[in-house]
> 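Got a structure here, written out as structure tokens. Questions coming.
In what follows, chains carry the letters A, B, and so on, assigned in the order in which the sequence lines appear, proteins first and then strands, with residues in each chain numbered from 1.
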2 protein chains.
Amino acid sequence: MATRRAPPPRPGPCRLCPVRPLALFRPVSEAELDAIATTRATVRLLRAGEAVLRRGEGADIVLTLFAGWAFAYRVLPDGRRQIGEIFLPGDLIGTRGAASDPVEAVTDASVCVLSRARLRAMLDDHPALAVSFAQLVARANALLSERLASLGRRDAVQRLGALMLELAARQNAGVPPKDEDVAMPLRQTQLGDALGLSAEHVNRALAALRRDRLLTLRSRTLRLHDPERLARLCGWDPTYLAEPPAL
Amino acid sequence: MATRRAPPPRPGPCRLCPVRPLALFRPVSEAELDAIATTRATVRLLRAGEAVLRRGEGADIVLTLFAGWAFAYRVLPDGRRQIGEIFLPGDLIGTRGAASDPVEAVTDASVCVLSRARLRAMLDDHPALAVSFAQLVARANALLSERLASLGRRDAVQRLGALMLELAARQNAGVPPKDEDVAMPLRQTQLGDALGLSAEHVNRALAALRRDRLLTLRSRTLRLHDPERLARLCGWDPTYLAEPPAL
DNA sequence: CGTCTTTTTGACTACTGTCAAGCGCTGTGG
DNA sequence: CCACAGCGCTTGACAGTAGTCAAAAAGACG
């Protein structure tokens with residue numbers, strides 16, 4: 001996804017933004033486009049591992065992930081970490097304001113920075129965008145609910161399989177591709193923090209999935225050999241990934 | 001909260017709605033009030049255990065919980081159940097459209113039913129309401145993230161304690177009250193489904209909390225004897241409960 | 001007062017975590 | 001082009017938390 005050398009991809013003009021369709025799930029009018037272009041304040045380029053959003057920073061800004069992966073996390077007093085939302089290009093970061101969890105870049109990444117005040121003005125002027133905004137938040141909600149079900153009621157192998165299916169699907173228009181490479185830059189430690197497992201146990205679960213010839217995962221690349229069977233094994237149903245409705 | 005005999009409380013006119021402040025976290029203008037009053041279509045009264053929202057029904061309607069408690073849940077193919085959002089009066093139900101999880105009433109309950117089409121029209125006409133709507137969804141998001149952290153990184157006692165703190169706080173303007181009774185209508189089976197534990201293990205965790213004189217829970221009533229100590233024990237930080245920001 | 005649900009308790013099993021070590025790929029520097 | 005350093009991945013042994021199964025006690029309801 002990104003070497004040490006090359007800088008992260010820099011977003012171009014909003015008008016031509018290639019990730020907007022991913023973000024809004026619908027065509028955007030000229031007037032809306034102008035509003036969006038005016039609202040974007042700056043761009044940030046980040047290295048893998050760097051902080052994308054610090055604690056409290058969400059009070060002032062909202063971000064759109066343009067390229068790369070990132071995740072929100074929470075650290076408990078005893079030091080254990082839980083990864084919440086996993087962000088892919090097009091996702092909104094910091095929608096919860098000051099209460100937003102800190103966000104870290106998985107890979108080199110770039111984000112568009114929107115000031116909260118301007119975003120607010122934009123949404124007030126364009127109600128349809130406000131509704132789209134709400135839909136995006138609702139979709140994030142759906143992803144969280146699914147993961148909650150994973151942590152609550154699936155065993156380690158199923159959790160891992162379900163997450164692989166989800167992340168593959170989100171990179172492939174909602175459908176996990178069969179026998180095609182997709183990016184999978186999360187390390188096993190991070191997978192553990194996302195799934196509520198120890199890194200060692202993630203490794204064992206991964207070994208089980210490999211042994212059953214359900215997937216291949218090497219050098220940050222994932223390939224699902226039999227998504228249907230994997231989905232059955234994990235009790236995974238892609239419905240929750242569906243695009244938000246017209247409201 | 002409700003006996004077999006008495007019917008659930010029936011909502012009165014929107015104009016006088018006592019739960020609106022809980023729901024929107026802000027004053028509402030006259031024009032907005034009119035829009036809200038026009039948008040509400042019908043009211044539903046429900047008995048404990050009944051379905052509040054069935055699978056797919058969210059495509060057509062959105063609900064506001066007026067009285068009683070409810071929860072969204074998901075059933076895995078093997079029959080295990082995971083409870084997601086727990087709804088208290090003022091909360092929105094069905095914001096994810098057709099992808100919304102089914103919702104069941106914990107106690108007798110009443111809900112205001114909004115048709116999705118009318119809601120859409122209302123939000124288009126009143127951008128500030130659209131923004132408020134997004135904030136409500138974002139808040140639901142915050143609650144889910146917190147529970148995700150619980151299921152991922154807290155043990156049984158901490159999970160249960162954190163949930164008790166949250167539900168007590170949500171009934172008390174965001175602060176868990178000390179030595180005061182609050183409603184706690186969830187059965188141990190339901191607590192287990194919410195926390196990713198077996199009902200038996202919930203019981204054991206509850207016994208531990210009682211033994212340490214941290215809380216009392218009898219006949220659907222909870223009393224926290226030392227919220228601070230409990231919060232420390234559970235690594236619980238109420239920040240995530242904060243009202244949504246002005247965006 | 002009898003029935004059904006919910007809560008408790010106990011014994012045993014199983015999944016996952018922890019600790020420890022060894023392996024291997026990647027990138028660095030000679 | 002090769003040796004070295006580091007981080008990440010694997011594997012094994014053992015401990016601990018939580019699940020399952022079974023059954024009794026305690027409430028709730030009619």
> Looking only at heavy atoms, what is the nearest atom pair of Pro9(B) and Ser110(B), with distance?
O-OG, 2.6 Å
> Rounded to the Å, how far apart are Met184(B) CE and dT6(C) P?
14 Å
> Rounded to the Å, how far apart are Arg187(A) CZ and dC9(D) P?
7 Å
> Which heavy atom of Leu144(B) sits nearest a heavy atom of Gly84(B), and at what distance?
CD2-C, 4.3 Å
> To check you understand the geometry: which heavy-atom pair defines the closest contact between Leu76(A) and Gly235(B), and what is its length?
CD2-O, 4.1 Å
> Starting at atom CZ of Arg210(A), determine the distance to atom P of dT11(D), rounded to an integer number of angstrom.
8 Å
> When you measure from the side chain of Gln188(B), which nucleotide among dA28(D), dT11(D), dT8(C) comes out closest?
dT8(C)
> Round to a whole Å and report the spacing from CG of Leu217(A) to C1' of dG8(D).
12 Å
> Could I get the full list of side-chain hydrogen bond (donor to acceptor under 3.5 Å, both in side chains) partners for Thr221(A), not counting sequence neighbours?
none
> Would you give me the side-chain donor-acceptor pairs under 3.5 Å for residues 179-201 of chain B, sequence neighbours excluded?
residue   : atom : partner   : partner atom : Å
Asp179(B) : OD1  : His225(B) : ND1          : 2.8
Asp181(B) : OD1  : Arg223(B) : NE           : 2.9
Asp181(B) : OD1  : Arg223(B) : NH2          : 3.1
Asp181(B) : OD2  : Arg223(B) : NH2          : 3.4
Arg187(B) : NH1  : Pro185(B) : O            : 3.0
Gln188(B) : OE1  : Asn203(B) : ND2          : 2.9
Gln190(B) : OE1  : Arg187(B) : N            : 3.0
Asp193(B) : OD1  : Arg153(A) : NH2          : 2.9
Asp193(B) : OD2  : Arg81(B)  : NE           : 2.9
Asp193(B) : OD2  : Arg81(B)  : NH2          : 3.2
Ser198(B) : OG   : His201(B) : N            : 3.2

> So Arg220(A), base contact, sugar-phosphate only, or nothing? Heavy-atom distance under 4.0 Å.
sugar-phosphate
> Provide, to the nearest angstrom, the distance between the CZ atom belonging to Arg218(B) and the C1' atom belonging to dT8(C).
16 Å
> Rounded to the Å, how far apart are Asp108(B) CG and dA28(D) P?
16 Å
> For a quick test of reading the model, state the closest non-hydrogen atom pair linking Ala168(B) to Leu224(B) and the distance between them.
CB-CD1, 3.8 Å
> Sugar-phosphate means primed atoms, P, OP1 and OP2; the rest is base. With that split, encode nucleotides 16-23 of chain D 5' to 3' as B, S or - using protein heavy atoms under 4.0 Å.
--BSBB--
> List in chain and number order the residues that pass side-chain hydrogen bond (donor to acceptor under 3.5 Å, both in side chains) with Arg44(A), two or more places apart in sequence or in another chain; answer none if no residue qualifies.
Glu57(A)
> Report yes if at least one side-chain N or O of Asn203(B) is closer than 4.0 Å to OP1 or OP2 of dT7(C); otherwise report no.
no
> Grab the two heavy atoms, one from Ala162(A) and one from Cys234(A), that are nearest each other, plus how far apart they are.
N-SG, 3.8 Å
> Starting from the first five and the last five pairs of the helix from dC1(C)-dG30(D) to dA21(C)-dT10(D), work out the angle between the resulting helix axes, to 10 degrees.
50°
> If you look only at distance, which donor and acceptor atoms sit under 3.5 Å apart when one is on a side chain in residues 97-106 of chain B and the other is two or more places apart or in another chain?
residue   : atom : partner  : partner atom : Å
Ser100(B) : OG   : Gly94(B) : O            : 3.4
Ser100(B) : OG   : Arg96(B) : N            : 3.1
Ser100(B) : OG   : Gly97(B) : N            : 3.2
Ser100(B) : OG   : Gly97(B) : O            : 2.7
Asp101(B) : OD1  : Arg74(B) : NH2          : 3.3
Asp101(B) : OD2  : Arg74(B) : NH2          : 3.3

